[in-house]
There are 2 protein chains.
Amino acid sequence: MIVNKVFKALNDNTRREILNLLKQKDMTAGEIAEAFNITKPSISHHLDILHQAELVTSEKQGQFVIYSLNTTVLDDILSWMITLKK
Amino acid sequence: MIVNKVFKALNDNTRREILNLLKQKDMTAGEIAEAFNITKPSISHHLDILHQAELVTSEKQGQFVIYSLNTTVLDDILSWMITLKK
DNA sequence: TAGGTATTTAGACAAATATCTAAATAATAT
DNA sequence: ATATTATTTAGATATTTGTCTAAATACCTA
């Protein structure tokens, strides 16, 4: 169930901030890591969880991996919430 | 930060199901517990987390505690997501 | 007041999570 | 080829989380 993975992915401030960063522009894993006071392996792990939830996509370009925001999956959460509201 | 607590509260299937139950009608803690294959103390704990996130309100009526759904706080999550989308 | 019902609190425990360091993999450049 | 850079994987550890049982609290009724 993707809703499960999305809620899990969103339940962490660092991951939510990563999404906010990617809103501005696509970034490499290294660039993302530099924005936080956390080691690269930890950021890599966060990116993996975001990827599993399909909140980001990734593309390898040479030695870099470029991450992009994918908000389409948020629609599932949105409709889940709207259903609850009405 | 309430957004934090809301995301935390929503990151559990049992708690999301509790909210869906309360969508139909207000319920006592006992009634909610009966709907799950989980002990009453565990449900009580879930209700506490939902309450901290202000996703439910509670009112004591005699020996019963009646829980109600409160979706207003979902607006914060909604606008957080909409900001991310645009 | 005593006994019963509804709910929460306390304390324990296993599983999940966020983080780290060290090592592995992959691509580039000299 | 070798060294350098970018990223991920592996393994360890402390913290958080979901669950349980047992006990405490609160209310009701006879």
Side-chain angles (χ1 to χ4, degrees), chain A residues 1-22 24-70 77, chain B residues 1-22 25-70 73 77:
Chain A
M1 198 220 293
I2 193 77
V3 169
N4 222 314
K5 291 191 175 179
V6 177
F7 274 124
K8 174 184 166 171
L10 294 178
N11 184 34
D12 182 274
N13 194 254
T14 300
R15 288 194 289 268
R16 291 198 299 270
E17 284 185 33
I18 289 174
L19 296 179
N20 267 314
L21 277 181
L22 292 176
Q24 313 303 324
K25 64 170 173 30
D26 297 348
M27 294 172 80
T28 68
E31 285 175 321
I32 295 166
E34 279 168 25
F36 297 92
N37 213 6
I38 298 178
T39 62
K40 283 175 186 183
S42 295
I43 292 294
S44 186
H45 179 234
H46 283 308
L47 289 170
D48 181 45
I49 288 166
L50 290 170
H51 190 79
Q52 282 177 44
E54 295 175 32
L55 282 161
V56 302
T57 58
S58 64
E59 192 193 353
K60 183 140 199 172
Q61 282 197 9
Q63 48 187 335
F64 300 89
V65 178
I66 300 181
Y67 283 89
S68 310
L69 180 61
N70 178 352
I77 303 301
Chain B
M1 198 220 292
I2 192 77
V3 169
N4 222 314
K5 290 191 175 180
V6 177
F7 274 124
K8 174 183 166 170
L10 294 179
N11 185 33
D12 181 274
N13 193 252
T14 300
R15 288 194 288 268
R16 291 197 298 271
E17 284 186 32
I18 290 174
L19 295 180
N20 266 313
L21 277 180
L22 292 176
K25 64 169 174 29
D26 296 351
M27 295 172 79
T28 67
E31 286 175 320
I32 295 167
E34 280 168 24
F36 297 91
N37 212 6
I38 297 177
T39 62
K40 284 176 185 184
S42 295
I43 293 293
S44 185
H45 179 234
H46 284 308
L47 288 169
D48 181 45
I49 289 167
L50 289 169
H51 189 80
Q52 282 178 44
E54 294 175 33
L55 282 162
V56 301
T57 58
S58 64
E59 192 194 353
K60 183 139 199 173
Q61 283 197 7
Q63 47 189 336
F64 300 89
V65 178
I66 300 181
Y67 282 89
S68 311
L69 180 63
N70 179 355
V73 76
I77 302 300

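The chains referred to below are lettered A, B, ... by the order of the sequence lines, with proteins before strands, and numbering in each begins at 1.
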Just the rounded figure in Å: distance from [atom2] of [N] to [atom1] of [X].
X: A:Asn13; N: D:dT16; atom1: CG; atom2: P; answer: 15 Å
X: B:Glu59; N: C:dA6; atom1: CD; atom2: C1'; answer: 16 Å
X: B:His51; N: C:dT8; atom1: NE2; atom2: C1'; answer: 13 Å
X: B:Leu47; N: D:dT17; atom1: CG; atom2: C1'; answer: 16 Å
X: A:Tyr67; N: D:dA6; atom1: OH; atom2: P; answer: 15 Å
X: B:Asn4; N: D:dT16; atom1: CG; atom2: P; answer: 13 Å
X: A:Ile43; N: D:dT7; atom1: CD1; atom2: P; answer: 12 Å

(message) Going by the rule side chain to side chain contact (heavy atoms under 4.5 Å, CB included), which residues pair with B:Leu69 if we only count those two or more places apart in sequence or in a different chain?
(response) A:Leu84, B:Leu19, B:Leu22, B:Lys23, B:Thr71
(request) Please identify each residue that fulfils side chain to side chain contact (heavy atoms under 4.5 Å, CB included) with B:Thr28, with sequence neighbours left out. (result) B:Glu31, B:Phe64, B:Ile66
Please find the pair of heavy atoms, one from [X] and one from [Y], that lie closest to each other, and give the distance.
X: B:Leu47; Y: B:Val56; value: O-CG2, 4.1 Å
X: B:Ile2; Y: B:Ala53; value: CD1-O, 3.9 Å
X: A:Ala33; Y: A:Ile43; value: CA-CG1, 3.8 Å

(request) Indicate for each nucleotide in nucleotides 9-20 of chain C, in 5' to 3' sequence, whether protein heavy atoms under 4.0 Å reach the base (B), only the sugar-phosphate (S), or nothing (-). (result) B-------SSBB
(request) Could you list all the side-chain hydrogen bond (donor to acceptor under 3.5 Å, both in side chains) pairs where at least one residue sits in residues 8-22 of chain A, not counting sequence neighbours? (result)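 Those involving residues 8-22 of chain A are A:Arg15-A:His46.
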(request) Quick one: which residue pairs count as a side-chain hydrogen bond (donor to acceptor under 3.5 Å, both in side chains) with a foot in residues 51-60 of chain A, not counting sequence neighbours? (result)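 Passing the test, one end in residues 51-60 of chain A: A:Asp48-A:Gln52.
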Distances under 3.5 Å between protein N/O atoms and the N/O atoms of nucleotides 25-30 of chain C, please, pair by pair.
none

(request) May I ask you to test the B:Ile18-B:Leu55 pair for a side-chain heavy-atom distance under 4.5 Å? (result) no
